[in-house]
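One structure is given here, and the rest of the page talks about it.
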Amino acid sequence: QLVGDSFLEGKTRGLVRIQDGAQRIDVGDGGVFQVERIVRLGKRHQGLVPTAAGEDLVVALRNYFLQSEQVTTMVDLACVERDGEVVAAGGYVVQLLPELTDPPLEAMKERLAQLGNLRAALEAQGADPAIIMKAVLGDGEHTMLADSPVVFHCPCDRQRVLVAAAALGR
């Protein structure tokens, strides 16, 4: 089970429940990949996509974008660990505009194939987002929408914790 929250200002939190000794998150057959987000003026968009056996999180994300949002999307995620500690983590989401023609699409696919294993790229580049972005996008035209640090944040306060604890009963 994987649950995560993220906010525009870079605040995030998450919970991952995995089996002992697992090296990756397998989504599994009969599961549901659910994304809920606020799109504008507080309106929510929710996408539910069934998962299949052998899928990992990256495949589930790709399927979500293709089936729920109906946008061709290239996605990858990676995590680098040393001695049980996460030293780098990153990924990319590249969504293609509807007017994109085959030559730029093929160029993007080739560039991503050259990038190869994202985990190796994170290790080699020191997890510098600018370097990874340059490797993914090359000299292609793109617009940087925001740049903010990602930090752990829990919106709980003392009152919220007390209410949750009271709901548990004696």
Side-chain angles (χ1 to χ4, degrees), residues 1-8 10-35 37 47 49-98 100-153:
Q1 183 178 31
L2 174 80
V3 179
D5 289 331
S6 64
F7 304 90
L8 288 175
K11 296 177 180 177
T12 63
R13 68 178 177 165
L15 169 69
V16 179
R17 192 178 313 165
I18 59 174
Q19 295 176 346
D20 289 338
Q23 296 297 309
R24 63 182 224 164
I25 298 172
D26 287 316
V27 178
D29 193 27
V32 174
F33 187 83
Q34 175 181 339
V35 173
R37 59 190 175 105
V49 175
T51 60
E55 283 185 6
D56 63 10
L57 187 56
V58 171
V59 173
L61 276 166
R62 286 181 189 144
N63 289 340
Y64 164 77
F65 283 117
L66 191 59
Q67 294 174 28
S68 183
E69 297 195 6
Q70 300 175 355
V71 176
T72 300
T73 306
M74 291 169 259
V75 179
D76 204 359
L77 302 169
C79 180
V80 179
E81 283 185 77
R82 285 197 194 99
D83 301 322
E85 296 289 323
V86 174
V87 295
Y92 59 82
V93 176
V94 178
Q95 292 189 321
L96 307 176
L97 298 173
L100 186 72
T101 58
D102 283 341
L105 174 60
E106 292 308 314
M108 175 61 74
K109 287 181 179 177
E110 184 177 321
R111 195 167 29 262
L112 293 176
Q114 289 172 356
L115 176 64
N117 183 306
L118 182 60
R119 184 179 189 281
L122 285 171
E123 285 183 297
Q125 304 300 337
D128 183 335
I131 294 172
I132 300 299
M133 189 169 82
K134 176 74 172 162
V136 169
L137 298 176
D139 294 325
E141 184 179 334
H142 66 278
T143 302
M144 175 76 97
L145 298 177
D147 183 9
S148 62
V150 177
V151 297
F152 174 79
H153 170 77

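Environment of CD in Glu85: sparse, with no more than 12 heavy atoms of neighbouring residues, nucleotides or ligands closer than 6.0 Å.
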Take Arg119 and Val80, measure what side chain to side chain contact (heavy atoms under 4.5 Å, CB included) needs, and give me the verdict at the end. CA-CA 6 Å; Arg119 184 179 189 281; Val80 179; 3.9 Å; yes

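Rounding to the nearest 0.5 angstrom, the gap separating the CD atom in Glu55 from the CZ atom in Arg62 is 11.0 Å. Here CG of Asp5 is found 9.5 Å from NE2 of His153. Values are rounded to the nearest 0.5 Å. Taking CG of Asp76 as the reference point, atom CG of Leu112 lies at 8.5 Å (rounded to 0.5 Å). A distance of 10.5 Å separates CG of Asn63 from OG1 of Thr73, quoted to the nearest 0.5 Å.
Annotation for Val59 and Asp56: closest pair N-OD1, 3.0 Å, computed over non-hydrogen atoms. Minimum heavy-atom separation, Ser68 to Gly47: OG-CA, 3.3 Å. When every heavy atom of Val136 is checked against every heavy atom of Met108, the shortest pair comes out as O-SD, 3.5 Å.
By the side-chain hydrogen bond (donor to acceptor under 3.5 Å, both in side chains) test, Tyr64 is found to be paired with Glu69, residues two or more places apart in sequence or in another chain being considered. Residues that satisfy the side-chain contact (heavy atoms from CB on, under 4.5 Å) test with Ser6, not counting sequence neighbours, are Thr12. The side-chain hydrogen bond (donor to acceptor under 3.5 Å, both in side chains) check on Lys134 picks up Asp139, with sequence neighbours excluded.
Arg13 places no side-chain N or O within donor-acceptor distance of the main-chain N or O of Phe152, the cut-off being under 3.5 Å. Thr51 contributes no side-chain N or O that, together with a main-chain N or O of Phe33, makes up a donor-acceptor pair within less than 3.5 Å.
Residues Leu118 and Ile132 form a side-chain contact, since some pair of their non-hydrogen atoms from C-beta on lies under 4.5 Å apart.
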